[in-house]
Amino acid sequence: MKQDVTNPPVAVLGPRLAADVVTMAREGARIRLDYSPASLTLVDRVIEAIRSERPPLQAVTPTLRGFGAYTGEVLVRAAGAAWVEFDAEERGTFGQPFGIRTPDGRVWNPLGRAMKRYENGAADSLRLFCLSVMGRGQV
């Protein structure tokens with residue numbers, strides 16, 4: 001069976017986008033991201049720094065999607081979530097082609113959450129999102 005390398009499955013694409021952001025942060029900003037929930041504090045800071053320069057959303061969308069994928073991969077590793085392709089209804093709701101599903105069956109949109117973090121600021125913290133998904137929203 002021939003695999004389509006131009007359209008990898010989300011179980012490959014999500015971690016790949018996350019790994020790209022880890023490399024970008026390490027090489028570009030000298031920030032080490034270790035896939036821990038605590039590392040999302042650093043991601044929130046990076047997004048806030050980007051916000052302070054006020055680039056148009058379209059210009060930073062690929063980077064934000066990468067940070068969203070990183071957030072999703074943190075949840076895969078820390079909460080046992082799995083990457084899933086959204087169905088048509090979920091794509092309409094979330095505005096993204098894929099996200100994660102936690103062991104309790106709920107679906108989450110970390111890519112969209114990173115976009116919201118950029119648009120709305122600290123109120124949409126990726127660290128707090130992660131803690132909420134993991135059931136520790138008040139920590």
Side-chain angles (χ1 to χ4, degrees):
M1 183 162 101
K2 186 178 177 185
Q3 184 175 355
D4 182 0
V5 293
T6 60
N7 244 345
V10 296
V12 172
L13 183 57
R16 186 182 295 165
L17 289 171
D20 288 348
V21 157
V22 168
T23 300
M24 178 193 71
R26 183 181 65 241
E27 293 175 1
R30 306 237 187 266
I31 295 171
R32 292 209 173 269
L33 299 176
D34 63 4
Y35 295 98
S36 68
S39 70
L40 292 171
T41 299
L42 297 171
V43 173
D44 278 333
R45 288 180 188 159
V46 170
I47 293 174
E48 194 59 33
I50 294 168
R51 282 183 89 234
S52 71
E53 295 177 13
R54 293 189 166 95
L57 179 61
Q58 289 180 329
V60 295
T61 293
T63 300
L64 295 172
R65 287 188 78 204
F67 283 129
Y70 176 80
T71 304
E73 189 62 16
V74 167
L75 287 162
V76 165
R77 296 177 184 204
W83 289 104
V84 293
E85 190 170 330
F86 288 147
D87 63 27
E89 182 178 339
E90 291 163 337
R91 281 191 303 275
T93 299
F94 296 130
Q96 299 293 333
F98 64 93
I100 60 167
R101 183 180 311 277
T102 48
D104 63 8
R106 293 181 295 169
V107 292
W108 301 88
N109 179 20
L111 280 68
R113 185 58 179 243
M115 304 290 276
K116 283 183 153 193
R117 174 61 178 90
Y118 177 77
E119 293 172 326
N120 301 331
D124 282 311
S125 162
L126 293 175
R127 179 183 161 276
L128 293 179
F129 168 72
C130 178
L131 294 174
S132 176
V133 170
M134 294 172 54
R136 298 183 292 188
Q138 300 302 314
V139 174

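Nothing fancy with the numbering, it's 1 onward along the sequence.
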side-chain contact (heavy atoms from CB on, under 4.5 Å) evaluation trace for Val107 with Ile100: CA-CA 6 Å; Val107 292; Ile100 60 167; over 6 Å; no
Sequence-distant partners of Tyr70, ring pair (Phe, Tyr, Trp, His ring centres under 6.0 Å), two or more places apart: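 Checked Tyr70 against ring pair (Phe, Tyr, Trp, His ring centres under 6.0 Å); matches are Tyr35.
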Test ring pair (Phe, Tyr, Trp, His ring centres under 6.0 Å) applied to Tyr118 - qualifying residues, sequence neighbours left out: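 If we apply the ring pair (Phe, Tyr, Trp, His ring centres under 6.0 Å) test to Tyr118, skipping adjacent residues, there are no hits.
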Val60 with Leu33, same ILVMFWY side-chain cluster at under 4.5 Å: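 Cluster IDs for Val60 and Leu33 match.
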Hydrophobic cluster membership, Phe94 vs Met115, 4.5 Å side-chain cutoff: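 Not linked; separate clusters.
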Rounded to the nearest 0.5 Å, what's the gap from [atom1] on [X] to [atom2] on [Y]? Could you check?
X	Y	atom1	atom2	answer
Met134	Thr102	CE	OG1	11.5 Å
Ser39	Asp34	OG	CG	5.0 Å
Glu119	Leu64	CD	CG	8.5 Å
Leu42	Ile31	CG	CD1	6.0 Å
Leu13	Leu17	CG	CG	4.5 Å
Phe67	Ile50	CZ	CD1	5.0 Å

Test side-chain contact (heavy atoms from CB on, under 4.5 Å) applied to Leu126 and Ile47, step by step: CA-CA 10 Å; Leu126 293 175; Ile47 293 174; 3.7 Å; yes
Selection residues 48-61 - residue pairs positive for side chain to side chain donor-acceptor pair (under 3.5 Å), sequence neighbours left out: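 Side chain to side chain donor-acceptor pair (under 3.5 Å) check on residues 48-61 returns Glu48-Arg51, Glu48-Arg117.
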Residues, nucleotides or ligands: over 12 heavy atoms within 6.0 Å of Arg106 CZ: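 Yes - once you tally the heavy atoms of other residues, nucleotides and ligands closer than 6.0 Å, there are more than 12.
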Of all pairs that satisfy salt bridge (charged side-chain N to carboxylate O under 4.0 Å, His left out), the ones with a partner from residues 82-102, not counting sequence neighbours: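 Every candidate salt bridge (charged side-chain N to carboxylate O under 4.0 Å, His left out) pair involving residues 82-102 fails, so no pair, neighbours aside, qualifies.
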Set of residues satisfying side-chain contact (heavy atoms from CB on, under 4.5 Å) with respect to Asp20, sequence neighbours excluded: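 Asp20 satisfies side-chain contact (heavy atoms from CB on, under 4.5 Å) with Arg16 once adjacent residues are dropped.
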For a quick test of reading the model, state the closest non-hydrogen atom pair linking [X] to [Y] and the distance between them.
X	Y	answer
Phe98	Val10	CB-CG1, 3.3 Å
Leu75	Cys130	CD2-SG, 3.6 Å
Ser125	Asp44	OG-OD2, 2.7 Å
Arg113	Ala123	NH2-O, 4.1 Å

Working for side-chain contact (heavy atoms from CB on, under 4.5 Å), residues Phe129 and Leu40: CA-CA 10 Å; Phe129 168 72; Leu40 292 171; over 6 Å; no
Using a 3.5 Å cut-off and no angle test, enumerate the donor-acceptor pairs between side-chain atoms of residues 21-29 and protein atoms at least two apart in sequence or in another chain.
unit_1: Thr23; atom_1: OG1; unit_2: Ala19; atom_2: O; d: 3.2

Worked verdict on Thr93 versus Phe86 for side-chain contact (heavy atoms from CB on, under 4.5 Å): CA-CA 10 Å; Thr93 299; Phe86 288 147; over 6 Å; no
N/O donor-acceptor pair under 3.5 Å between Asn109 side chain and Gly99 backbone: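 Side chain of Asn109 to backbone of Gly99, a donor-acceptor pair under 3.5 Å: no, none is there.
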